[in-house]
Amino acid sequence: MSEAGAKEELPATSAPFRAVAGTLYVVATPLGNLRDVTLRALDILGSADVIAAEDTRITARLLARYGITTRVLALHAHNEAQRSGDVVARLARGESVALVSDAGTPAISDPGARVVHAARAGGHPVVPIPGASAATAAVSVAGVSAGAFVFVGFLPTQAKARRTLLANLALLPAALVVYEAPHRVRATLGELAQALGPARMLVIARELTKTFETIAAMPLGEAAEWVAADPQRERGEFVLVVDRAAAADRDAPDGDAEAECARWLPALLRELSPARAARVAAAVTGAPRAAVYRQALQAKPARTED
Ligand code: SAM
């Protein structure tokens with residue numbers, strides 16, 4: 001068992017930290033906004049003997065912004081196996097190494113796990129320098145009702161593996177946190193709706209911490225259409241947070257509210273999309289929106305055009 005960090009004393013003041021010899025630091029960096037770096041991350045990046053970076057050009061921008069001149073070497077998905085040995089040799093020689101990825105926390109859908117494993121196996125301390133991660137940033141603003149969330153990261157690229165995983169995830173009483181690339185986001189939203197049901201609440205967290213940051217909440221069944229409605233919404237980086245399935249069941253309307261909604265919905269659905277109709281019916285009757293949305297989907301007639 002490693003006791004990494006145990007020897008590093010907590011400073012009584014806000015004095016800068018210095019990287020300790022023979023230690024691997026796993027350093028979180030900003031998702032976009034360069035001011036989201038922590039003071040301790042800057043201390044370690046500035047005092048380590050070397051920085052192992054996923055893309056040296058991207059890391060160079062962060063370092064230049066903060067006047068850090070530490071030497072940088074490349075450690076990415078394609079050379080991690082070979083570079084891990086190199087890093088362990090440096091640690092053994094008493095060098096301190098800071099590991100960073102392009103954005104957020106290394107080893108979270110990024111390279112890093114292999115070199116961490118190798119360093120620990122070699123008996124070297126591995127110390128986290130926590131900070132930004134797209135998953136935690138998205139969950140923090142999602143307002144999910146589930147007490148737990150499962151970090152899915154990127155879904156498998158193979159269709160069958162994706163379907164199997166989603167079928168299993170659908171059974172969990174937890175929110176799901178999915179990473180997705182812009183060119184796949186619409187298709188993935190469709191697949192999520194199919195596998196998890198259209199009524200589960202979704203939060204799309206797009207371009208977090210950047211100029212066009214967007215946080216939008218809607219029933220999963222409406223999401224692909226929402227993205228398609230504006231080409232801007234399909235650009236950038238995405239985290240999809242899907243609330244747990246049980247929320248809809250737990251919040252099922254009582255008999256009165258359901259009957260009341262049933263009275264309102266046919267007229268509303270002639271003018272509005274199921275999501276909007278559900279929002280209005282929920283506001284009027286006080287019934288939970290997710291449950292009313294499911295009712296709306298079942299009751300949906302053909303919509304009349306003006
Ligand atoms: N290690 C990173 C972390 O801690 O979040 C994740 C790296 S992974 C290669 C990149 C994915 O993270 C993107 O495709 C997107 O799903 C998510 N992501 C990264 N930055 C983001 C941002 N600013 N806004 C939304 N999602 C982001």
Side-chain angles (χ1 to χ4, degrees), residues 24-38 40-41 44-45 51-59 61-62 65 74-80 98-117 126 128-144 149-157 162 165-166 169 175-189 191-192 202-218 220 223-224 226-227 230 232-242:
L24 175 66
Y25 293 90
V26 183
V27 183
T29 59
L31 297 171
N33 187 324
L34 293 188
R35 290 189 68 78
D36 284 341
V37 71
T38 70
R40 194 156 164 249
I44 296 299
L45 293 174
I51 297 170
E54 186 182 6
D55 183 331
T56 57
R57 289 160 306 178
I58 290 177
T59 299
R61 289 204 280 276
L62 176 70
R65 169 75 174 265
L75 187 151
H76 44 70
H78 305 295
N79 73 356
E80 189 177 0
L99 173 72
V100 296
S101 59
D102 290 352
T105 303
I108 308 289
S109 294
D110 260 343
R114 211 181 265 226
V115 66
V116 163
H117 183 80
V126 182
I129 307 294
S133 182
T136 50
V139 172
S140 75
V141 292
V144 290
F149 70 87
V150 171
F151 176 66
V152 179
F154 292 103
L155 290 166
T157 46
R162 215 164 45 235
L165 178 64
L166 285 175
L169 291 171
L176 305 176
V177 181
V178 176
Y179 282 175
E180 194 47 279
H183 67 282
R184 279 213 37 87
V185 75
R186 240 197 297 169
T188 296
L189 286 167
E191 286 179 68
L192 288 172
L202 165 80
V203 167
I204 298 180
R206 173 181 161 261
E207 291 289 88
L208 290 166
T209 80
K210 301 185 194 177
T211 310
F212 297 107
E213 180 179 85
T214 310
I215 316 285
M218 66 204 73
L220 195 45
W226 181 85
V227 170
D230 178 349
Q232 286 301 331
R233 294 179 182 160
E234 212 163 346
R235 302 215 170 108
E237 304 200 82
F238 293 85
V239 184
L240 311 173
V241 183
V242 186

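As the structure lists them, so they are numbered: ligands from 1, and atoms in each ligand from 1.
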Please report which non-hydrogen protein atom sits nearest to [atom], along with the residue it belongs to and the distance in Å to one decimal place.
atom	value
atom 7 (C) of ligand 1	Asp110 OD2, 3.3 Å
atom 22 (C) of ligand 1	Leu208 N, 3.5 Å
atom 26 (N) of ligand 1	Val239 CG2, 3.4 Å
atom 16 (O) of ligand 1	Phe238 O, 2.6 Å
atom 2 (C) of ligand 1	Ala103 O, 3.2 Å
atom 13 (C) of ligand 1	Glu237 OE1, 3.3 Å
atom 17 (C) of ligand 1	Ala134 CB, 3.8 Å

Which ligand 1 atoms does [X] reach within 4.0 Å, using its non-hydrogen atoms?
X	value
Lys210	23 (N)
Glu207	23 (N), 24 (N), 25 (C)
Thr105	1 (N), 3 (C), 4 (O)
Ala205	25 (C)

Is it true that a side-chain atom of [X] and a backbone atom of [Y] form a donor plus acceptor pair closer than 3.5 Å?
X	Y	answer
Glu80	Arg114	yes
Arg162	Thr157	yes
Thr59	Thr56	no
Asn79	Ala74	yes
Arg206	Gly236	no
Asp110	Ala107	no

Query raised in the report: Is there a side-chain contact between Leu240 and Leu176 (heavy atoms, below 4.5 Å)?
Result: no
Query raised in the report: Can you check whether Val185 reaches Glu234 side chain to side chain, under 4.5 Å on heavy atoms?
Result: yes
Query raised in the report: Who gets closest to atom 14 (O) of ligand 1 by heavy atom: Phe154, Phe151, Tyr179?
Result: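 The option holding the nearest heavy atom is Phe154.
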Query raised in the report: Among Ala181, Ala107, Ser109, Ser133, which one has a heavy atom closest to atom 8 (S) of ligand 1?
Result: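 Selected option, by shortest heavy-atom distance: Ser109.
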**Report entry** Over 12 foreign heavy atoms within 6.0 Å of CZ, Phe212
**Finding:**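 Atom CZ in Phe212 is not packed in, count stays at 12 or less.
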Query raised in the report: Less than 3.5 Å between some nitrogen or oxygen of Ile108 and one of ligand 1, yes or no?
Result: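 Ile108 vs ligand 1: N/O contact under 3.5 Å present.
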Query raised in the report: Which bit of Glu180 is near ligand 1, meaning a heavy atom under 4.0 Å away: side chain, backbone, both or neither?
Result: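 Contact part for Glu180 vs ligand 1: backbone (N, CA, C, O).
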Requested in this report: Identify the heavy atoms of Thr105 and Ser133 that sit nearest to each other, and give their distance.
Outcome: OG1-CB, 3.7 Å
